[in-house]
Amino acid sequence: MNGAEALIETLAQAGVEVCFANPGTSEMQLVAAIDRQHGMRAILGLFEGVVTGAADGYGRMADKPAMTLLHLGPGLANGLANLHNARRAGSPVVNVVGDHATYHLQYNSPLTSDLVGVARPMSDWVKASRSERDLPQAGAEAMVVATAYPGRIATLIAPANHAWTEGSASVTTRPAPAAPTVPAAVIEEVATLLREADAPKAIFLGGRALREGALDQAGRVAAATGARLICETFPARLQRGAGRVAVERLPYFGEQAQEYLQDFKAIVFCGCEPPVSFFAYPGKPSRLSPDGARTARLASAEEDAERALTDLADALGAPAEPALVQQAGTPPIDGGRLDPVKLGAVIAAALPKDAIVTDEANTSGIALFPYTAGAAPHDWLTLTGGAIGIGLPLAVGAAVACPDRKVIALQADGSAMYTCQALWTMAREKLDVTTILINNGSYAILNIELMRVGVQNPGPKALSMLDLRNPAIDWVSISEGMGVPARRATTSEELREALDEALADKGPHLIEVLI
């Protein structure tokens, strides 16, 4: 075997089934090796941000890594924003980045860069192979890192000469380490706090604590203590809907979040860090937890959240059945011209059982989330790291990971332009994704933020930098040009008809919603 063949066989034997790719010249040996590896699917993205965002969506839903194949430092740099989101989500990803042959680097050809320096900020582990025999060894190391609970970003740099040189062999990958568990003393400390603290009290949940099994245990804790269950503003994967334990979602804007939390006497954190304001604002605090509250960490993002909540519920003598189970029901649908409230009601009624919702609706999503609380059970994936352009790629990865489930992409117009190439991949792979493209003709969130940071009376130049109407973007044309059938809806009735049609078909569709 050459190094490339040994690496790809190592990753395939370790369970990697999908490669999201945007390769170049230095990756051709890797492309050929993937071609010969029958257990690995290759999916092309026309921009590296689509590749890395799809790997994030795949990792969130499959709970195992996909491989990305990227071209040198600039190619990796194009994908960094969505690797940032993936890292914040705790997604498992193995990046394989081709580099120049080691002997060629000294000549400083145009695409030469500090590839390790590019990779390090958005990776939990970075390694450049040292030889063709080391390349599969490094791949095995990358798998161990990526599959560590809850998931990590591992970036392997593969020099071209290590890929093409013969004399390598695949290696066996060690199993992923077990998730660390919370010590019994911590469980008892938190149980004592919840027993003794005055109401109101809360369990603040994030990361893996928002999966169905962990939520059931959190519901048992709520039944025993009367604690409210609150989740982080941007969860990686929240399992919700009728019959599941319901959680409240912390508001996005800092002052609203601070007011929301201000009366709690005790807050226990599980699967995440204590909340902070997304940005700094003049005269407003960064930390959101109330100063007078007693706080405790039950489990960090790197500790087994479900086990910790189970142990806590048992320590409290909690009942077997959880509290706060969501009742089925969706709001009535009013006819006429669409607004965010009507949009939320239509989507809630149409949401299929076990759907996967990728939410980059941004300002319009404020109404969509609460309106879908009592819909059929579904998974809700969000913008974990705040780097816009994740929504459409996230839907690609989720659809690849779960081909038998409907994927609904709730997508704002401005951020969709960052990675609209994902539509082409949806069409090429015949992915079962229905995109609801919410077109309000602006970066609406930034119009709000302009006021919140204290800018008074912004002039036409400032406002022009937030406006998307000059010229207006025609998403039906863009989608059809990428190979995805599309139609436009301006009323509740039109949207219901378009959604029924799209969800009855198995394949990609886009509905442009004008609000």
Side-chain angles (χ1 to χ4, degrees), residues 210 230-235 237-244 246-253 256 260 326-383 388 390-392 394-395 398 406-416 433-442 444-445 447-448 475 487-503 509-515:
L210 295 174
I230 303 172
C231 80
E232 56 192 347
T233 306
F234 292 109
R237 179 182 172 188
L238 169 59
Q239 297 193 282
R240 65 194 293 260
R244 288 177 169 162
V247 295
E248 306 168 39
R249 189 176 178 185
L250 189 70
Y252 168 73
F253 294 117
Q256 293 176 351
Y260 188 87
Q326 176 67 52
Q327 298 300 306
T330 56
I333 300 172
D334 294 330
R337 189 161 185 85
L338 282 165
D339 57 30
V341 172
K342 293 176 184 176
L343 178 60
V346 173
I347 292 170
L351 204 62
K353 185 177 185 294
D354 293 327
I356 302 165
V357 178
T358 62
D359 177 9
E360 197 178 37
N362 299 341
T363 46
S364 297
I366 293 171
L368 304 184
F369 186 82
Y371 268 59
T372 52
H378 59 276
D379 287 25
W380 197 280
L381 283 55
T382 73
L383 178 62
I388 63 174
I390 187 66
L392 296 176
L394 204 63
K406 291 286 184 182
V407 178
I408 313 294
L410 305 178
Q411 183 60 55
D413 53 343
S415 51
V433 178
T434 296
T435 300
I436 300 175
L437 195 293
I438 304 163
N439 189 344
N440 60 16
S442 74
I445 186 68
N447 283 288
I448 298 170
W475 277 99
R487 59 187 293 183
R488 188 172 287 117
T490 60
T491 66
S492 297
E493 294 82 2
E494 290 172 351
L495 178 58
R496 291 181 69 178
E497 179 184 343
L499 261 178
D500 288 345
E501 178 184 295
L503 294 173
H509 291 267
L510 182 141
I511 305 167
E512 182 182 20
V513 173
L514 301 180
I515 61 171

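Being a predicted model, the structure only gives us computed values, none of them experimental. The first residue in the sequence is number 1, and the count goes up from there. Note: hydrogens, waters and symmetry copies are ignored here, and every other heavy atom, side chains too, is used.
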Please report the closest heavy-atom contact between [X] and [Y], naming both atoms and the distance.
| X | Y | result |
| --- | --- | --- |
| Gln326 | Ala246 | OE1-CB, 3.6 Å |
| Ala409 | Thr358 | CA-OG1, 3.2 Å |
| Ile388 | Glu360 | CA-OE2, 3.2 Å |
| Cys231 | Leu238 | SG-CD2, 4.4 Å |
| Arg496 | Val346 | CG-CG1, 3.5 Å |
| Ala412 | Leu437 | O-CD2, 4.2 Å |

Value rounded to 0.5 Å, distance of [atom1] in [X] from [atom2] in [Y]:
| X | Y | atom1 | atom2 | value |
| --- | --- | --- | --- | --- |
| Ile436 | His509 | CD1 | NE2 | 12.5 Å |
| Ile347 | Leu410 | CD1 | CG | 5.0 Å |
| Thr233 | Arg249 | OG1 | CZ | 7.0 Å |
| Phe369 | Thr382 | CZ | OG1 | 9.0 Å |
| Leu351 | Thr372 | CG | OG1 | 7.0 Å |
| Ser415 | Ile390 | OG | CD1 | 10.5 Å |

#### Entry: Trp475 side chain to Asp413 side chain, donor-acceptor N/O pair below 3.5 angstrom
no

### Query
Can you find a heavy atom in the side chain of Leu368 that is under 4.5 Å from one in the side chain of Val357?
no

#### Entry: Side-chain heavy atoms of Lys406 within contact of Leu503, under 4.5 Å
yes

#### Entry: Intermediate values then yes/no, side-chain contact (heavy atoms from CB on, under 4.5 Å), Leu392 and Val433
CA-CA 9 Å; Leu392 296 176; Val433 178; over 6 Å; no

Side chains of residues 328-341: which donor-acceptor pairs under 3.5 Å do they make with residues two or more places apart or in other chains?
unit_1: Asp339; atom_1: OD1; unit_2: Val341; atom_2: N; d: 3.1
unit_1: Asp339; atom_1: OD1; unit_2: Lys342; atom_2: N; d: 2.8

#### Entry: Matching residue for Trp380 among Leu210, Ile356, Ile408, Asp359 - test: side chain to side chain contact (heavy atoms under 4.5 Å, CB included)
Asp359

### Query
When Arg487 is tested against each of Glu512, Glu494, Glu497 for salt bridge (Lys or Arg N to Asp or Glu O under 4.0 Å), which residue passes?
Glu497

